[in-house]
Amino acid sequence: EIVLTYYIQKGRKNLYLYSFEDDGKITKEKKDPYGITVTEVFHMNKMMDDSYELNMANIKMIKKLLRERFERDSKKS
């Protein structure tokens, strides 16, 4: 199974995990802001500008490509 997971930081102490289900349902979960993930998000934000922002069309394309790759690789085994 392939799952796309997004961490969104809204301020230094507000970190959320967003998951997208196949049926389009979005799950939002508040995460511990003092874990390693918040540090990773902070440093990634420093490296990336607005050109890295994902929209729903990007997310759907990524999921499609990952699914196709997974199915292709599964047939090889």
For S51, which residues count as a side chain to side chain donor-acceptor pair (under 3.5 Å) partner, sequence neighbours excluded?
->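 Applying side chain to side chain donor-acceptor pair (under 3.5 Å) to S51 gives D49.
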K64 bridged to E68 by N-O distance under 4.0 Å |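 Yes, K64 and E68 are salt-bridged.
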Taking a hydrophobic cluster as the set of Ile, Leu, Val, Met, Phe, Trp and Tyr residues connected by side-chain heavy atoms closer than 4.5 Å, whether directly or through intermediates, do L66 and M61 fall within one such cluster?
->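 No: no chain of side-chain contacts under 4.5 Å links L66 to M61.
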Do L65 and L54 belong together in a cluster built from hydrophobic side chains that touch within less than 4.5 Å?
->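 In one cluster: no.
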Stacked cation flag K30 on Y16, 6.0 angstrom / 45 deg |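 Yes, a cation-pi geometry.
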Under the salt bridge (Lys or Arg N to Asp or Glu O under 4.0 Å) test, which residues partner E53, sequence neighbours left out?
->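 Salt bridge (Lys or Arg N to Asp or Glu O under 4.0 Å) check on E53 returns nothing, list empty.
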With sequence neighbours excluded, tell me which residues meet side chain to side chain contact (heavy atoms under 4.5 Å, CB included) with K46.
->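 K46 satisfies side chain to side chain contact (heavy atoms under 4.5 Å, CB included) with F42 once adjacent residues are dropped.
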